[in-house]
Amino acid sequence: MLPVPGRGVYPFPPALSNRTRTRPTHKALSPHEIRAMSAHLTIALAPGDGIGPEIMNATLDLFKAAGILDRLAFVPVEMGSSVFAKGNTRGMTDEAIRTVEDCGILFKGPMGTPTGGGGKSINVTARKMWNAHSNFRVFKTLPGVHTAYSKAGIHIDMSVVRENIEDTYGGVEHRLSNDMIQCKRLISAPGSDEVHRFAFQTARKLGVKKVHCGHKANIMKMTDGLFLDRFKHIAKDFPEIEAGDVIVDALCMNLVVRPQQYQMIVLPNLQGDIVSDLCAGLVGGLGFAPSANIGNHISIFEAVHGTAPDIAGKGIANPTSLILSGLMMLRHVCMGREAATLENALLTTLESGVHTGDFGDNSTPAVGTQAFVDAIKNNLGNTPKTVPAVEVPSASETCFIRAPKPTGPQVIRTFKNLVTHPVGCDIYLDTALSPLALAEEMQRACVDTPFKLTVISNRGTQVWPTGSVYTECVDYYRVRFELKDGVVPGTFGQSRCVALMDKVAEMFTVCSYELLRTFDGVKGYSLAQGQ
Ligand code: NAI
């Protein structure tokens, strides 16, 4: 797909309903709206760690040359390694949090995650805390960036929308026994709805004709199954866009073999993380992949790559990813004219063969970060010859009108008022007994209860009442109790399940417990493999 004139290679038209190009005149303006109309729209700025300050300074230098700093004011905020070093495990000061929340937009460089010491990834914390639910990344063949595909004449133009909040990124992990650790994978219906709706809205704005959902619903029938079901449901609101789905392993192979068959792919968090780096590789690496983390209130624009400690301070980092992320940010606030001018200058520079050391033609000497940006500055006003130029809109006006600030964390819901009945429980035990010995103990435990032991599994594989002698077990079992024949669901509450767990806990270490329920008569739990 060739760039649509005027659309831009790194498009990011405001897609959410809470934002509009025109100012409402029928009601009093909020402080947010007044800020949006002022000469300076403020954006929180965190240069980051490692190469972060080098590429951020270069990007701002370019913005200044393009007159963007006359319209946007950047407010520095303290985030990253210097804050972690002071013992702040969140990696950002309270002042920084307030400023980002006030601005509604954060432009950030890469930030290192401290190893050990309890500090979590600041990047993940920021996306989750501010509910930047959709990670949008664009991957496109660029002139002067030679890859196996560009050499074969294969033109790539696609985007990945990654769910940004849920999945294993909750970091909910526990040690359950000597030998077993778990990470909970959480997928919700409203969380899936937010990312799917964003993907289809963005596809509609950009004229994308087909959106695929990548998933592993053949194995994770409930979690990925929900993500896929919600994709199909939301797709119905966008009948002009073809909706397809593909299992993530097949997707990875297809992307390597025939990447041009995809236009937009929406994925759960972890799969989206992996697939988007694969896509970055198709177009020349992480140095050419911009990223926007879009939320309903706060959005974060950042380079996809990390802090590159091996080249930090040498002045040789490639600023393209951050510049492209900046273009998405400019379009987010309706500065399409400035974004288009910058994009044409960047494309012109790339096609002229100017390159930093991480890409380009080895036979021409690489330039440093500042010289690369100087070349783009010299090309401001020029348009590329070998690829279609981006049409420069005649005028643009900053727009960034936010939904009112919520009074507290909002509960978002998709399904309500389903009729649920407890029908049993799964109890997870730290024990190294044999399955048969464990079954005898568990059958004794449930004698005077409404429940019978139906299955014991180990690492998800059934080991009782039937199983294979070849199945290896570890010191952590799930025992499942379900209603005895003749017991009617709905005739007792969950306290009977808790009482059974209490009884089991007198004999074994109970690591965790899951209530088994039906929802409108449908089982809300999966079967063990082999059950
Ligand atoms: P990395 O992306 O920093 O580096 C990987 C390789 O790519 C290195 O050889 C590096 O020199 C090169 N590279 C990366 N960006 C470049 C650029 N702009 N120009 C030229 N070469 C570039 O990945 P790594 O080494 O795994 O991570 C380093 C640190 O960055 C870690 O602490 C990690 O947690 C953090 N990180 C932060 C991210 C963010 O802030 N969004 C994303 C990824 C990693």
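As the structure lists them, so they are numbered: ligands from 1, and atoms in each ligand from 1.
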Is the distance between the ring centroids of F139 and F288 under 6.0 Å? no
Parallel, tilted or perpendicular, as decided by the 30° and 60° cut-offs, for the rings of F74 and F107: tilted
Sorted by chain and number, the residues that approach ligand 1 to under 4.0 Å with a heavy atom: I51, K108, P110, M111, G112, T113, N123, E302, V304, H305, G306, T307, A308, P309, D310, I311, A317, N318, D358
Can you give me every donor-acceptor pair (side chain of residues 280-287, partner residue at least two apart or in another chain, under 3.5 Å) with its distance?
none

Find out whether E338 and L342 are in side-chain contact, i.e. whether some heavy atom of one side chain is under 4.5 Å from a heavy atom of the other. no
Quick check with a 6.0 Å cut-off and a 45 degree axis cone: is R197 positioned over the face of F231's six-membered ring? no
Give a yes or no answer on whether the side chain of R175 reaches the backbone of S177 with a donor-acceptor pair at less than 3.5 Å. yes
